[in-house]
Amino acid sequence: MSTEAELRRRIVEGDFVGESKVKPQDSTKQAPQESTTAESSDHVDSEEEKLPEEKYVEEMAKTIPQGTDKTPVVLSEVLSGLPDKWRNWVIRGIFTMVMIGGFAIIVYCGPLALMITALLVQVKCFEEIINIGYSVYRIHGLPWFRSLSWYFLITSNYFFYGENLVDYFGVAVNQIDALRFLVKYHRFLSFCLYCIGFVWFVLSLVKKYYMKQFSLFAWTHVALLIVVTQSYLIIQNIFEGLIWFIVPVSMIVCNDVMAYMFGFFFGRTPLIKLSPKKTWEGFIGGGFATVIFGLIFSYWLCHYQFFVCPIQYSESTSSMMIKCEPSYIFQPQEYSFPLFGSYRSITIYPFMLHSLSLSIFSSVIGPFGGFFASGFKRAFKIKDFGDVIPGHGGIMDRFDCQFLMATFVNVYISSFIRSASPQKLLNMVYSLKPEQQLYLFNQLKESLIERNIINHLN
């Protein structure tokens with residue numbers, strides 16, 4: 001069979017991405033290149049698969065909902081007389097306030113509500129990313145692949161959320177015989193679940209679609225890395241104290257809102273080509289506003305145990321407890337500094353100094369999470385990840401910077417704040433054999449007696 005005839009057969013059967021867009025004369029022009037590829041590889045089906053062509057990407061982009069173009073009918077009628085620029089400004093402002101109000105209500109409901117919200121946001125972000133992958137690689141009809149993606153999401157959540165369960169509720173869980181096995185062999189069970197998905201994927205491979213299937217397999221795992229692991233870190237931050245979650249999240253919101261406001265009214269100088277509407281004026285103005293907001297908001301939150309105390313599980317009440325003696329960084333401290341030849345003193349909460357680090361990161365590095373998302377969307381010629389939030393887009397459009405911030409906060413806590421937790425040490429002790437626990441008890445008792453912390457007991 002000639003090269004041109006073979007190409008036409010492949011176009012009809014759907015082997016090439018964007019094949020419906022290729023005309024007969026185009027096939028003639030591409031024939032030499034395809035012939036070379038076929039002659040130089042034993043895996044023709046895989047090697048001949050290409051990245052999405054420009055025309056196909058443009059058509060694909062039209063099928064993905066755009067949130068910034070979606071407006072409730074009533075609101076659309078009320079704002080119909082405004083220019084597009086101001087109409088979009090009002091819509092974004094209204095739904096920004098709605099989201100801030102909703103966030104405040106969730107915080108008021110407590111840590112459990114925040115954890116459930118983090119899980120729901122994670123699932124929705126994963127869905128938006130995966131749906132783009134399906135649209136790009138056009139393999140909706142292949143068996144099991146959609147099920148496989150969600151299976152890997154469930155498996156990843158079982159591993160990461162199980163890790164949190166073991167860390168923070170291990171003492172309680174270890175007292176239940178039926179759950180002790182799950183705690184002790186949690187990582188092994190998680191690996192077994194992943195292996196099942198891996199074998200399932202290999203068995204689902206279909207000839208002529210190898211490249212598409214492996215591409216989407218990689219796409220799924222990148223989405224899991226971005227979404228699930230960050231959600232796991234967010235949960236860890238919440239357990240360190242609500243302030244470590246609320247302040248960073250609020251800083252990103254403040255920076256996003258104020259950068260938009262400064263850019264809208266004063267923006268003249270383009271900042272980065274990935275986001276043509278971003279300006280230096282907005283970037284700098286948003287940064288200063290975030291630093292000031294962070295100091296004031298941190299000062300206010302430091303007054304309340306509900307925000308500063310680590311979250312611990314109480315065996316007596318069988319519930320999560322937020323009561324403690326606030327640590328050093330949440331108690332007023334006096335600092336002296338030289339000024340005009342003499343020393344001045346100021347009394348502040350040490351956490352306010354840590355908030356400076358958080359605000360600088362959220363202002364300087366945080367926006368690059370948004371730039372990364374913008375580059376991703378421009379690559380596929382889409383405006384938004386979804387249409388859940390009118391004026392804003394999808395859930396991923398609002399949380400692209402939050403995930404990067406969550407990682408920084410977790411690293412910052414582990415590097416500069418966190419110390420050994422008695423709760424975690426107890427979890428480890430309960431996992432020891434009885435004779436090992438007794439040995440540890442005797443060694444600890446002797447040490448305490450030698451240091452006169454306790455009296456010698458017969």
Side-chain angles (χ1 to χ4, degrees), residues 13-19 43-52 56-57 60-61 63-65 116 118-165 182 185-235 373 376-377 379-380 382 385-386 388 394-396 399-400 403:
E13 293 180 356
D15 285 4
F16 291 98
V17 176
E19 60 274 11
H43 304 284
V44 177
D45 290 327
S46 295
E47 291 295 326
E48 289 184 346
E49 293 290 339
K50 297 181 179 180
L51 293 173
Y56 168 64
V57 172
M60 179 272 295
T63 66
I64 297 178
I116 294 174
L119 177 62
L120 295 177
V121 167
Q122 172 217 118
V123 171
K124 186 59 181 176
C125 288
F126 181 81
E127 180 190 27
E128 292 176 352
I129 296 174
I130 288 300
N131 282 342
I132 294 175
Y134 286 129
S135 298
V136 169
Y137 293 104
R138 296 200 303 179
I139 58 174
H140 296 275
L142 286 179
W144 304 118
F145 224 98
R146 185 176 292 274
S147 300
L148 265 171
S149 297
W150 288 102
Y151 175 82
F152 280 122
L153 177 67
I154 294 171
T155 301
S156 300
N157 275 303
Y158 174 78
F159 171 72
F160 285 112
Y161 278 77
E163 290 287 298
N164 277 327
L165 182 67
L182 297 178
Y185 300 105
H186 170 70
R187 293 192 176 185
F188 178 76
L189 294 173
S190 300
F191 180 72
C192 290
L193 289 174
Y194 181 83
C195 286
I196 292 173
F198 182 81
V199 172
W200 185 2
F201 164 73
V202 173
L203 294 177
S204 71
L205 291 173
V206 177
K207 188 178 180 181
K208 298 189 302 181
Y209 293 100
Y210 293 152
M211 182 61 76
K212 290 181 181 180
Q213 288 182 280
F214 276 100
S215 296
L216 195 53
F217 182 79
W219 188 295
T220 300
H221 280 68
V222 170
L224 293 173
L225 177 66
I226 294 174
V227 175
V228 180
T229 56
Q230 307 306 315
S231 175
Y232 165 68
L233 297 179
I234 287 175
I235 300 300
F376 180 89
K377 290 184 285 187
F380 298 103
I382 58 176
F385 283 97
V388 176
I395 297 294
M396 191 65 192
F399 286 86
D400 46 11
F403 290 131

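Both backbone and side-chain heavy atoms feed into the values below; hydrogens, waters and symmetry mates do not.
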Whether [X] side chain and [Y] backbone form a donor-acceptor pair below 3.5 Å:
{"X": "S231", "Y": "V227", "answer": "no"}
{"X": "S204", "Y": "F201", "answer": "yes"}
{"X": "E128", "Y": "M396", "answer": "yes"}
{"X": "Y151", "Y": "L193", "answer": "yes"}
{"X": "W219", "Y": "I129", "answer": "yes"}

Can you name the closest pair of heavy atoms from [X] and [Y] and give their distance?
{"X": "A223", "Y": "I130", "result": "CB-CD1, 4.4 Å"}
{"X": "R146", "Y": "N131", "result": "NH1-OD1, 3.7 Å"}
{"X": "L205", "Y": "Y210", "result": "CB-CE2, 4.0 Å"}
{"X": "T155", "Y": "S190", "result": "CG2-O, 4.0 Å"}

Would a line drawn from the ring center of F191 to the ring center of Y185 be shorter than 6.0 Å?
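That pair fails the under 6.0 Å test.
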
F385 ring center near F376 ring center (under 6.0 Å)
yes

Interatomic distance, [X] atom [atom1] to [Y] atom [atom2] [nearest 0.5 angstrom]:
{"X": "I196", "Y": "W200", "atom1": "CD1", "atom2": "CH2", "answer": "10.0 Å"}
{"X": "L225", "Y": "H221", "atom1": "CG", "atom2": "NE2", "answer": "10.0 Å"}
{"X": "I395", "Y": "F126", "atom1": "CD1", "atom2": "CZ", "answer": "16.0 Å"}
{"X": "F403", "Y": "C125", "atom1": "CZ", "atom2": "SG", "answer": "4.0 Å"}
{"X": "Y209", "Y": "L216", "atom1": "OH", "atom2": "CG", "answer": "14.0 Å"}
{"X": "F399", "Y": "Q122", "atom1": "CZ", "atom2": "CD", "answer": "12.0 Å"}

Steps toward side-chain contact (heavy atoms from CB on, under 4.5 Å) verdict (E163, R187):
CA-CA 8 Å; E163 290 287 298; R187 293 192 176 185; 2.9 Å; yes

Within-4.5 Å side-chain heavy-atom neighbours: [X] and [Y]:
{"X": "F217", "Y": "F152", "result": "yes"}
{"X": "F159", "Y": "L189", "result": "no"}
{"X": "L119", "Y": "Y161", "result": "yes"}

Which is it for N157 and Y232 under the side-chain contact (heavy atoms from CB on, under 4.5 Å) test, yes or no, and what are the steps along the way?
CA-CA 8 Å; N157 275 303; Y232 165 68; over 6 Å; no

Step by step, work out the side-chain contact (heavy atoms from CB on, under 4.5 Å) result for W150 and V123.
CA-CA 9 Å; W150 288 102; V123 171; 3.8 Å; yes

For the pair L153 and L224, evaluate side-chain contact (heavy atoms from CB on, under 4.5 Å) and give the outcome as yes or no after the intermediate values.
CA-CA 7 Å; L153 177 67; L224 293 173; 3.9 Å; yes

